[in-house]
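First the structure, in the form of structure tokens, and then the observations on it.
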Amino acid sequence: MAGERRFRGPIDLHTHSSVSDGTESPSQLIRAAAAAGLGTVALTDHDSTAGWPEAARMAGEVGITLIRGMEFSTRERFTSVHLLAYLFDPSDAGIVAETARIRAARLTRAEQMVERIGADYELTWDDVLAQTTEGATVGRPHIADALVARGLVLTRSEAFAGILHWEAGYYQPHYAPDPLFAIRLVRAAGGVPVLAHPATRGLAHMLPEKRLAEMVEAGLFGLELEHRENEPAAKARLYELAAKYGLAVTGSSDYHGTGKPNRLGENTTSSEVLEQIIEQGTGTPPIYG
Ligand code: AMP
Ligand code: FE
Ligand code: FE
Ligand code: ZN
């Protein structure tokens with residue numbers, strides 16, 4: 001196929017812009033990726049493709065290959081499960097409806113969390129809006145930034161370890177679809193689904209093999225095993241399961257600008273795996289910048 005093999009490495013397949021909870025605009029993010037020496041980068045904002053057009057323009061300008069993607073919020077019982085989706089059709093009716101529903105639920109949830117926090121701390125919803133770009137997918141990171149701006153904590157990480165931690169009493173979940181439903185939706189839109197940082201909760205709380213097998217059955221392509229938050233024992237076990245079920249393995253930074261310590265290119269994905277993603281991803285082409 002024309003265009004194949006025209007991407008360069010290093011390849012980082014998981015980053016966030018201010019369209020969700022990253023601190024840089026899509027243009028700034030693409031510039032930063034090029035400056036960090038990456039040859040290929042995926043923009044994967046939470047539950048939104050709104051950053052795609054701006055990122056695509058900048059990728060052409062700075063000469064970096066862009067894989068257009070998204071990090072889909074899903075829920076497995078009481079745990080939030082993140083699903084990376086690459087090269088799907090952003091106008092697919094199923095994806096459009098589901099992501100709109102998740103973003104709306106996230107907004108209500110954030111407002112309710114802020115109301116509860118506001119009872120104990122000097123924090124208002126306007127403080128959070130001041131930290132959020134128009135139309136962004138709102139999450140706890142924006143509440144964290146508002147807490148920082150108020151001087152109530154020093155960093156996002158301090159907010160997550162304290163006030164925003166589920167044990168602090170202010171945490172609230174939001175609607176998110178079942179992972180199997182999301183995997184099928186992504187495939188139906190021509191996309192390629194990869195389970196994001198699947199080993200963060202350790203071996204004891206890892207997703208059961210039976211669930212993983214069901215995800216494979218539903219169309220799961222791979223596991224993001226090279227990610228700084230994956231716990232070593234669970235990661236080792238998932239490497240075995242990836243081999244057993246024929247799943248690809250990816251590596252990525254999960255860069256959020258200054259919002260997280262993760263640096264661009266700190267983990268990377270092989271050319272062979274990206275070639276498969278491009279082959280299977282029929283909903284949107286890569287931008288060969
Ligand atoms: P939410 O989806 O609103 O519950 O917020 C979770 C998001 O917060 C994840 O997507 C992470 O990217 C981000 N996050 C989690 N822990 C931290 C942290 N310690 N510092 C900054 N961001 C974090
Ligand atoms: Fe995030
Ligand atoms: Fe994630
Ligand atoms: Zn992420």
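Numbering of ligands and ligand atoms starts at 1, following listing order.
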#### Entry: Salt bridge Glu24-Arg31, side-chain N to carboxylate O under 4.0 Å
no
### Task
Return yes when at least one N/O/S atom of His14 is nearer than 2.8 Å to the Zn ion (ligand 4), and no when none is.
yes
### Query
Is there a path of hydrophobic side-chain contacts, each under 4.5 Å between heavy atoms of I, L, V, M, F, W or Y residues, that connects Val96 with Ile183?
no
### Message
I'd like to know if the side chain of Asp12 reaches the main chain of Thr268, judged simply by a donor and an acceptor atom lying under 3.5 Å from each other, with no hydrogens or angles considered.
### Response
no
### Summary
Answer key: the N, O or S atom of Asp21 nearest to the Fe ion (ligand 2) is OD2
### Summary
Which atom of His197 is nearest the Fe ion (ligand 3), counting N, O or S only? It is NE2
### Query
Do Phe88 and Ile287 sit in the same hydrophobic cluster, where Ile, Leu, Val, Met, Phe, Trp and Tyr count as joined when their side-chain heavy atoms come under 4.5 Å apart?
yes
### Task
Assess Glu71: does it contribute an N, O or S atom lying under 2.8 Å from the Fe ion (ligand 2)?
no
### Message
Under 2.8 Å from the Zn ion (ligand 4) - does any N, O or S atom of His16 fall there?
### Response
yes
### Message
Taking N, O or S atoms only and a limit of 2.8 Å, check whether His256 reaches the Fe ion (ligand 2).
### Response
yes
### Task
Return the name of the atom in Asp254, of element N, O or S, nearest to the Zn ion (ligand 4).
OD1
### Query
Hey, are Lys235 and Glu240 close enough for a salt bridge, meaning a charged N less than 4.0 Å from a carboxylate O?
no
### Query
Which atom, counting only N, O or S, brings Glu71 closest to the Zn ion (ligand 4)?
OE1
### Task
Name whichever N, O or S atom of His82 ends up nearest to the Fe ion (ligand 3).
ND1
### Pair Arg211 + Asp178, salt bridge at N-O below 4.0 Å
yes
### Query
In terms of side-chain geometry, is the basic nitrogen of Glu266 or Arg228 positioned less than 4.0 Å from the acidic oxygen of its partner?
yes
